[in-house]
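Proteins come first, then strands; the chains are lettered A, B, ... in the order of their sequence lines, and each starts at number 1.
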Amino acid sequence: MQKLDGEHKPSACEGTDWFRRIAVWSAKLSDAQCLRVRAGLQIRTYERGATVCEQNEAFDYWIGVVEGLVKVGTVTPEGKEITFAGAHAGGWFGEGTLLKRERRRYTVTALRKTKLALLDKKTFFWLYENSVDFNHFLIAQINERLGQFIGLIENERKLDTTTRVARALSSLLNPVLYPDVGSRLAITQEELGLLAGVSRPVANQALGELERCGLLRVTYGEIAICDAGRLRAYGE
DNA sequence: ACATTAAATTCGA
DNA sequence: TCGAATTTAATGT
């Protein structure tokens, strides 16, 4: 429990380090703006399997993933679960719901123990009104997401499981949505299965296939990406 | 669903 | 505090 390394823990109210690390969009904010944003932020921890917010719930925060992994999706009236996206460290989402001033359209659940940063609505809109850079960030992000959703539609059509797994991985590698992502993903095959909408064994097979193609390498609890470009294009 | 292996945790000195 | 023993988690088939 006390095996703290050389990393400095976030000092209670000094330094914008920890905050800037979890939120790239803060890079261009002034110190004064940063202070204000931090005042509107809270950190919350969720256990594996915990629901962050339900569909139709009023949940007035913009959500950032500090660490861990969450799944954004819905469940059809027939009870079938559909995953729209996964989000891991560095990702921010929920702006669509805030901007349209409506209730959550999706259910968000933690796939493992996860720490989230929640920015309250008031501060979010203050940024929206006052920072051009913040707006640029939002537009870039929404644009990236649009691309992902278009891919999702294709995905539902073709049932090629390996392709679905490749897409799920690629979406997590998106450098715009997840700025601090490297070439290794700390994700288990079960979690990946949940994101791709396939069973764990199928995810395992798909990973084997992708590894055989030289696109990635699988190790315990982690996937090393060798060729992100070809992975994204897999199945085309 | 089952067997195997990796990692995390517990426990005794 | 160390490492062996046990339990839990992830993988491969």
Determine the sole option in F124(A), Y128(A), F125(A) for which the ring-ring contact (aromatic ring centres under 6.0 Å, His included) test with W62(A) is passed.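 The passing option is F124(A).
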Measure the distance from [atom1] on [X] to [atom2] on [N] and round it to the nearest whole Å.
X	N	atom1	atom2	answer
E222(A)	dA10(C)	CD	P	14 Å
N204(A)	dA3(B)	CG	P	17 Å
R200(A)	dG12(C)	CZ	C1'	7 Å
R217(A)	dT11(C)	CZ	P	14 Å
L69(A)	dA9(C)	CG	P	17 Å
E209(A)	dG12(C)	CD	C1'	16 Å
Q189(A)	dT4(B)	CD	C1'	14 Å
L194(A)	dA10(C)	CG	P	11 Å

Hey, does the side chain of Q205(A) come within less than 4.0 Å of dG12(C)'s phosphate (OP1/OP2), counting only N and O?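 Answer no for this pair, as no side-chain N or O of Q205(A) is under 4.0 Å from OP1 or OP2.
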Please work out if R48(A) contacts a base, only the sugar-phosphate, or nothing of the nucleic acid, heavy-atom cut-off 4.0 Å.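 Sugar-phosphate contact only.
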Roughly how far, to the nearest 0.5 Å, is the NE2 atom of H88(A) from the OG1 atom of T114(A)?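 That separation rounds to 12.0 Å.
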Gap separating the OG1 atom of T219(A) from the CZ atom of R184(A), nearest 0.5 angstrom: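 Interatomic distance, T219(A) OG1 to R184(A) CZ, rounded to 0.5 Å: 6.0 Å.
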In terms of ring plane angle, is the pair F84(A) and Y106(A) parallel, tilted or perpendicular, where the classes change at 30° and 60°?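 Taking Y106(A) first and then F84(A), their aromatic rings stand perpendicular (interplane angle over 60°).
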